[in-house]
Amino acid sequence: MGLMSPNVPPVDAAQAIPSDDAPPLMHVIVAAGSLAEWAATPDERWAAMAADLGKVADQVGAHWLALRPVSGGSEADARLATARAATVQVGGCAVTIDAEADGRVRLAAAAERCRLASEPIDESHVSAVLNDPALVDADLVLVAGIGHRLPTSLVWELAYSELVFLDVSFADLSAAHLEEAIASYRHRHRRFGGVD
């Protein structure tokens, strides 16, 4: 596919905090498309999408961007989509393509990984595994698609993230949509799960 998994250099999380009054934006998730759409997308489009979205995230100081599907598909779709899984470096931003369409599966796998590593299965350890390679929870989750449904691929990530829903198909998703979501995020008062 052309996307390779280079060693992603560690990032000092404190470097990403902007000096102005805008909320810091270090970790972004884009949830878009079904596994069937992912599997049908040509390699060149995937490489261009990862690069374009990564550039936008990098320009605003984000160190991590994850691309995830909003829904599942057939076993064949899952195999083809999983072949796209990779982490690439775009400037100072690590762009991770993660084809797991079920957040419950991701959560169970994280708990199992902690157990196998003899680490406590607690919030901090599970969060670290789920966010890998990011060092922090997602600040912003862009959900692209028709209708405002929470994606099944995200369970853990929805607790403290700011959600932005855009009615745009996976085929039409572009860097401009991520810029729009970031602009919306910049005008929000972060409540970190609160309801004030």
Item to check | Pair Asp98-Thr96, side-chain hydrogen bond (donor to acceptor under 3.5 Å, both in side chains): steps then yes or no | outcome: CA-CA 6 Å; Asp98 180 354; Thr96 300; over 6 Å; no
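- Without hydrogens or angle criteria, Ser161 side chain to Ala138 main chain gives a donor-acceptor distance under 3.5 Å.
- Residues Pro69 and Ser34 share a closest heavy-atom pair of CB-C, 4.5 Å.
- Between the side chain of His27 and the backbone N or O of Asp139 there is no donor-acceptor pair closer than 3.5 Å.
- If you run side-chain contact (heavy atoms from CB on, under 4.5 Å) between Val126 and each of Leu130, Val129, Asp122, only Leu130 comes through.
- Taking CD from Glu162 and CG from Leu25, the interatomic distance works out to 11.0 Å, rounded to the nearest 0.5 Å.
- Residues in residues 174-183 take part in these side-chain hydrogen bond (donor to acceptor under 3.5 Å, both in side chains) pairs, two or more places apart or across chains: Ser174-His177.
- You'll find the side chain of Val56 stays beyond 4.5 Å of the side chain of Val28, heavy atoms only.
- The environment of CZ in Arg45 is crowded: more than 12 heavy-atom neighbours from other residues, nucleotides or ligands sit within 6.0 Å.
- Here the side chains of Leu135 and Asn131 are not in contact, with every heavy-atom distance at 4.5 Å or above.
- Using a 4.5 Å heavy-atom threshold, the side chains of Cys114 and His125 count as touching.
- The side-chain heavy atoms of Val60 and Arg186, taken from C-beta on, include a pair separated by under 4.5 Å.
- No single ILVMFWY cluster, assembled from side-chain heavy atoms under 4.5 Å apart, contains both Leu80 and Val70.
- We find the NE2-CD distance between His63 and Gln89 to be 10.0 Å, quoted to the nearest 0.5 Å.
- Looking at Val164 and Leu140, their side chains come closer than 4.5 Å, going by heavy atoms from C-beta outward.
- Between the side chain of Trp46 and the backbone N or O of Ile97 there is no donor-acceptor pair closer than 3.5 Å.
- Interatomic distance, Glu100 CD to Leu35 CG, rounded to the nearest 0.5 Å: 8.0 Å.
- Between the side chain of Arg79 and the backbone N or O of Ser74 there is no donor-acceptor pair closer than 3.5 Å.
- Rounding to the nearest 0.5 Å gives a distance of 9.5 Å between CG of Leu142 and CZ of Phe165.
- Across all non-hydrogen atoms, the minimal contact from Ala50 to Val90 is O-CG2, 4.1 Å.
- With rounding to the nearest 0.5 Å, the separation of CD in Glu37 from OG1 in Thr41 is 7.0 Å.
- Within the 4.5 Å cutoff, no side-chain heavy atoms of Thr87 are placed close to those of Trp64.
- Arg115 has its side chain within reach of Ile121: a pair of non-hydrogen atoms, C-beta onward, lies under 4.5 Å apart.
- Asp132 pairs by the salt bridge (charged side-chain N to carboxylate O under 4.0 Å, His left out) definition with Arg113, not counting sequence neighbours.
- Nearest heavy atom pair, residue Ala57 against residue Leu178, reads N-CD2, 4.3 Å.
- With Asp58 contributing its side chain and Gly92 its backbone, the two residues share a donor-acceptor pair below 3.5 Å.
- Residue Thr82 holds its OG1 atom at 11.0 Å from CD of Glu75, rounded to the nearest 0.5 Å.
- With hydrogens and angles ignored, the 3.5 Å screen pairs no side-chain donor or acceptor of Trp38 with any backbone N or O of Arg84.
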